[in-house]
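Throughout, protein chains are lettered first and strands after them, A, B, ... in sequence-line order, and every chain is numbered starting at 1. Please read all numbers here as calculations on a predicted model, not as lab measurements.
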Number of protein chains: 2
Amino acid sequence: MNKKREGKTTSKIFDDHDHGICFDDAIEQIENYFLKKNLQFTPLRRKVFEILIKDHKPLGAYEILEALGRDGFSSSPPIAYRVLDFLMKHGFVHKIQGLNAFIACSNPNHSHSPAFVICRKCEKVAEVDERKSGISFASPNIENFEVEKTTVEMTGVCTTCSSAAIM
Amino acid sequence: MNKKREGKTTSKIFDDHDHGICFDDAIEQIENYFLKKNLQFTPLRRKVFEILIKDHKPLGAYEILEALGRDGFSSSPPIAYRVLDFLMKHGFVHKIQGLNAFIACSNPNHSHSPAFVICRKCEKVAEVDERKSGISFASPNIENFEVEKTTVEMTGVCTTCSSAAIM
DNA sequence: TCATAACATGTTATAACATAACACCTACTT
DNA sequence: AAGTAGGTGTTATGTTATAACATGTTATGA
């Protein structure tokens, strides 16, 4: 999965991080959140979240179902969609519309209007912070329209892919 | 379809316009473009574009297929998807990811990275101009990542809907 | 003019994504 | 105990999209 670690320039935005820390942090965060809000962090919900945070890339609902099946859970479609809806509602999972796929949230504030950068070659996805990325959205209020949710997805090619291939 | 035209405040962004002018303009524009680029504006392509620009709201591929069928065209799925892909490639149609639907472009410069405002109640969609709307995207270049296409969709409730209903 | 290449459309079948509807179980409440 | 709410399981089906191949049409050039 991480074939290109030797020497090549890598895009900052897709930089690796310590999966161990990332994973543990994320689990702790979600546990605290559920505790505080008096929500059930059931084995199924935990497993779905773990599957997503482990892979750290967007997974289709049916991929998640396969993983669930391998781990002894039921794997009929509603199982995945229900849990995903629930986790999305609380900001721990986001849907990447352009890929019909789901990704664990990597943002500690659980924005409900994240922005994503998607490499159309390796399908890696990065959740970007407004500030850091240089992207900026003006007020979410557009002339009498109340914006509840903003979907922002930037598709292109990451440096690793563009430098590695003949295009 | 346009039940609320009497007196209520309407959201500027969804303001009505002269469909006749809009339609004619759009057809003329696309004709000119195809001519200039030496592309074929075939009856099928024309019809699909007309269906979209007439309705002036996002239509699902299968809705377009029904309309095609009613007008004597073939209505098997690939027909619609192929034409839609073609029209999208040239910027005359956009896909609204959040609705799995397609809409004719209302922007004369055929941006390939438009922004949309979507009312989740009436499902009206407006294509907004960066400048006018107060939305702004910074450079499409994010640290070594070449952005090719940006999807921006803002979902919420328009004034007409929020003032009309009990929510 | 006929071969051919490129493009456009037609058709069948199927893949991929998502939800409706109902059943059952558990935990908590009154 | 009966009632309610939340969570999961299951079957069936609905919706969206594409693969693969067949046929037609137009432009080009030998």
Side-chain angles (χ1 to χ4, degrees), chain A residues 30-31 33-35 37-52 58-90 92-103 120 123 151 153, chain B residues 30-31 33-35 37-52 58-90 92-103 120 123 151 153:
Chain A
I30 194 170
E31 273 175 348
Y33 179 92
F34 274 51
L35 207 64
K37 295 263 185 171
N38 234 317
L39 301 167
Q40 300 178 51
F41 196 38
T42 63
L44 179 60
R45 288 171 180 171
R46 173 186 288 268
K47 178 53 75 179
V48 170
F49 185 71
E50 284 179 0
I51 289 166
L52 285 170
L59 294 177
Y62 282 73
E63 290 178 282
I64 294 167
L65 285 167
E66 276 176 38
L68 285 174
R70 281 195 296 275
D71 287 351
F73 290 84
S74 165
S75 60
S76 44
I79 295 292
Y81 286 105
R82 277 193 296 231
V83 173
L84 289 168
D85 280 350
F86 181 85
L87 293 173
M88 281 193 287
K89 200 168 89 187
H90 295 282
F92 291 95
V93 167
H94 299 297
K95 180 168 186 180
I96 308 294
Q97 297 282 359
L99 300 172
N100 290 322
F102 303 85
I103 192 164
R120 66 170 165 73
E123 294 210 337
T151 300
E153 297 178 8
Chain B
I30 194 171
E31 274 175 349
Y33 179 92
F34 274 51
L35 207 64
K37 295 263 187 175
N38 234 316
L39 301 166
Q40 299 178 51
F41 196 38
T42 63
L44 179 61
R45 288 172 180 169
R46 173 186 288 269
K47 178 54 74 179
V48 170
F49 185 72
E50 284 178 0
I51 290 165
L52 286 171
L59 294 177
Y62 284 73
E63 290 178 283
I64 294 167
L65 284 167
E66 275 176 39
L68 285 174
R70 280 195 296 274
D71 287 351
F73 289 84
S74 166
S75 59
S76 43
I79 295 292
Y81 286 105
R82 277 194 296 234
V83 172
L84 289 168
D85 280 349
F86 182 86
L87 293 173
M88 281 193 285
K89 200 170 89 188
H90 295 282
F92 291 96
V93 167
H94 299 297
K95 180 170 185 178
I96 307 296
Q97 297 283 359
L99 300 172
N100 290 324
F102 303 85
I103 192 165
R120 66 169 165 75
E123 294 211 337
T151 300
E153 296 178 7

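Remark: P of dC7(C) and CG of L44(B) are 17 Å apart, rounded to the nearest angstrom. Regarding L39(B), its CG atom lies at a distance of 16 Å from the C1' atom of dT25(D), rounded to whole Å. Rounded to a whole Å, the CD1 atom of I79(A) is 15 Å from the P atom of dA20(C). Distance OH (Y81(B)) to P (dT9(C)): 17 Å, rounded to an integer number of Å.
Helix bend of the helix from dT1(C)-dA30(D) to dT30(C)-dA1(D): the angle between its two end axes, each built from five pairs, comes to 10° after rounding to 10°.
Residue N100(B) places at least one side-chain N or O under 4.0 Å from the OP1 or OP2 atom of dA17(D). Contact annotation: T42(B) side-chain N/O to dT9(C) OP1/OP2 distance is under 4.0 Å. For dG7(D), the OP1/OP2 oxygens have a side-chain nitrogen or oxygen of R45(A) closer than 4.0 Å. The phosphate of dT16(D) (OP1 or OP2) has no side-chain N or O of K95(B) nearer than 4.0 angstrom.
Contact annotation: side chain of Y62(A) to base of dA15(C), donor-acceptor pair absent below 3.5 Å. At a cut-off of 3.5 angstrom, counting only N and O atoms as typed in the model, there is no donor on one side facing an acceptor on the other between the side-chain of R82(A) and the base of dG6(D).
Mapped onto DNA chain C by nearest heavy atom, P78(A) and F86(B) fall at different nucleotides, with F86(B) at the one closer to the 5' end.
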